[in-house]
Amino acid sequence: MNHATFKKGYMLVAASILLWTTGACGYKPPQQAGPSPQSQQQPTTLDGNSTSYESLSEGGPPKALPSTPATSPKPTPKLQEGKENQERENVPLTLADLHQKYRSTFLFNGPSDVRQAALTFDDVPDTVYTNQILDVLKQYGVKATFFVVGNRAEAHPEVVTRIMKEGHAIGNHSYSHPNLAKTDDDKFRDEVLRTEQILAGITGYTHKLFRPPYGNVTEPQILWLASQNYHIINWNVDSLDWKGLTAEQVTANVLGHVVPGAVILQHGAGGEGEDLTGTVQALPIIIEKLIASHIQLVTVPEIFKLNESTKVNSPIRNP
C-alpha cells in the first residue's frame, strides 16, 4: 500500500466517526440521567403565577395544579371628613373681600394722602331730622352726600329738591330699604331702577351713586350695578347714631376714627322710633374739629373724583 492510498483510507475513517458522534446518521448519543433544564422550568399562567403539571406518564393531556393564591392588597384609608359633595361649601365672599375684588366699583374710603373726608347721611328724607341737618351744613358752608330712599322721596320731594339746590350730592339708597342680600334679582333691580326714576323726576338728573341698605350687597348685584354705571359707596367710619346715641357718643365714634380719606356714615332720617337728636347736636362739633385739624369736608363725588349725575331731558316730575 502506497502512501497516497493510506492517507485516503484514514480520512474516510475519520469522517465516519464524526458522523456517528453528531447523530447525523439518525443516531443520538445517550444523555446523562436526570431532567434537562428545560424539563425543570415550570410554565406560568397569564397572571404571572407559576403552575405545575401532572406527570405525562399517567396519560392524557397535562392538568394544571392549583396555584398559591396572591396576597390581598391593603385597603385604602378613608378620607376623614367624608365625600367631597357632602363636605364642600361655597362660602360667599365677605364685604371686605368684595371691596378688594372690585376696588374701582365698591368703594369704602378715599385716598389717604389727601386731607379730605366725606360726610354722608342715609335714609333721607323725612320732615324731622333732614332739614335740621341741612340747616347745620348751610351754617358752616359744608357740602355732604345724602342717600335717598325712593318711597320717602315720593313722600317728601320738596326736601330732595332742597338737598339738590343747596349743592349737596345725592345717591340712591333703594326704594323701600330691604336687605338686598335676601332679595331676588327682580326685586333688587326694581329697588334700584324705581328710585333712579323717582330721583330723575324730582331733580332732572340720573344719580349714579348707590349705597346698599345696611351695607349689604352680593357679588352678582355688584356686577349688575357696575353694568348700569353705578358706583357702590359704603364707609369706613360708622357713627352708630342709629342706636339713639348722645351727641358726645356720636362725636367720639366719628372723631376717634377719622383719617384722611374717611367716608363717615350718619343718618339724616330715622327708622320707626329712632331718635337722631344726638346726630344733629354732634354735627357742629364734628365739623369744627375736622376743620381745625385741616380736614376738608367734601362730597363723595369729590373725594373719589366721580361724575355721579347726568342731566335728563324730560324730568318725570318737577315739584
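Along the sequence shown, residues carry numbers from 1.
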Worked check of side-chain contact (heavy atoms from CB on, under 4.5 Å) between L119 and I287
CA-CA 9 Å; L119 296 172; I287 292 173; 4.2 Å; yes
Which pair of heavy atoms, one from N109 and one from F304, lies closest together, and at what distance?
O-CE2, 3.1 Å
State, with a plain yes or no, whether a side-chain heavy atom of Q266 is found less than 4.5 Å away from one of V250.
yes
Looking at CD1 of I222 and NE2 of H99, how far apart are the two atoms once the value is rounded to the nearest 0.5 Å?
10.5 Å
Side-chain heavy atoms under 4.5 angstrom apart, residues restricted to Ile, Leu, Val, Met, Phe, Trp, Tyr: same cluster for L193 and Y175?
no
Do I232 and P212 come within less than 4.5 Å of each other through their side chains, counting heavy atoms only?
yes
Kindly give the heavy-atom pair with the smallest separation between A118 and I303, and that separation in Å.
N-CD1, 4.1 Å
Any idea which heavy atoms bring V160 and A153 closest together, and the distance?
CG2-CB, 3.9 Å
Intermediate values then yes/no, side-chain hydrogen bond (donor to acceptor under 3.5 Å, both in side chains), E196 and T206
CA-CA 6 Å; E196 179 180 302; T206 57; 5.8 Å; no
4.5 Å side-chain heavy-atom contact, Q100 and L93:
no
Output, in order, the C-alpha distance, side-chain angles, deciding distance and verdict of side-chain contact (heavy atoms from CB on, under 4.5 Å) for W242 and L240.
CA-CA 5 Å; W242 53 271; L240 301 176; 4.0 Å; yes
To the nearest 0.5 Å, what is the distance between OH on Y214 and NE2 on H177?
5.0 Å
Can you see which heavy atom on A169 is nearest to which on P301, and at what distance?
CB-CD, 3.7 Å
Under a single-linkage definition using a 4.5 Å side-chain heavy-atom cutoff for Ile, Leu, Val, Met, Phe, Trp and Tyr, are L255 and L245 assigned to the same hydrophobic cluster?
yes
Working to the nearest 0.5 angstrom, can you tell me the gap between T195 OG1 and E154 CD?
8.0 Å
Would you sort out whether F108 and V263 count as a side-chain contact (heavy atoms from CB on, under 4.5 Å), showing the intermediate values?
CA-CA 7 Å; F108 281 57; V263 176; over 6 Å; no
Hey, does I264 have a side-chain heavy atom less than 4.5 Å from the side chain of V258?
yes
How long is the straight-line distance from CD1 of I198 back to OG1 of T203, given to the nearest 0.5 Å?
11.5 Å
Does D135 reach the main-chain N or O of Q139 with its side chain, forming a donor-acceptor pair under 3.5 Å?
no
Looking at I163, is its backbone amide N or carbonyl O close enough to the side chain of H168 to form a donor-acceptor pair, meaning the two atoms are under 3.5 Å apart?
no
Assess whether a salt bridge exists between D123 and R211, defined as any Lys/Arg side-chain N lying under 4.0 Å from an Asp/Glu carboxylate O.
no
Within one Ile-Leu-Val-Met-Phe-Trp-Tyr cluster: W235 and V114, side-chain cutoff 4.5 Å:
no
The test is side-chain contact (heavy atoms from CB on, under 4.5 Å); show your working for N216 and L95 and say whether it passes.
CA-CA 8 Å; N216 288 342; L95 291 176; 4.0 Å; yes
Can any side-chain N or O of T120 pair as donor or acceptor with the backbone N or O of T145 at less than 3.5 Å?
no
To the nearest 0.5 Å, atom NZ of K187 lies from atom OG of S176 at 4.0 Å
Side-chain heavy-atom pair R115, I295 within 4.5 angstrom cut-off
yes
If you take all heavy atoms of A226 and T105, which pair is closest and at what distance?
CB-CG2, 4.0 Å
Side chains of K289 and I285, heavy atoms from C-beta outward: is any pair under 4.5 Å?
yes
Would a hydrophobic clustering, with Ile, Leu, Val, Met, Phe, Trp and Tyr connected at side-chain separations under 4.5 Å, put Y230 with V148?
no
Using a 4.5 Å cut-off on heavy atoms from C-beta on, say whether the side chain of N234 contacts that of L265.
no
With a 4.0 Å cut-off, would you call K143 and E166 a salt bridge?
no
Quick one: does V149's side chain get under 4.5 Å of D122's, heavy atoms only?
no
Rounded distance (nearest 0.5 Å) linking atom CZ of R189 with atom CG of L180:
12.5 Å
Whether the side chain of D126 engages the backbone of A269 through a donor-acceptor N/O pair (distance < 3.5 Å, no angle test) should be reported.
no
Can you give me the closest heavy-atom contact between H257 and A252, atom names plus distance?
ND1-O, 4.5 Å
Does the distance from a Lys or Arg side-chain N to an Asp or Glu carboxylate O, for E158 and R162, drop under 4.0 Å?
no
Are F188 and L98 connected, step by step, through hydrophobic side chains (Ile, Leu, Val, Met, Phe, Trp, Tyr) whose heavy atoms are closer than 4.5 Å?
yes
Residue pairs passing the ring-ring contact (aromatic ring centres under 6.0 Å, His included) test where at least one lies in residues 111-135, sequence neighbours excluded:
F121-F146
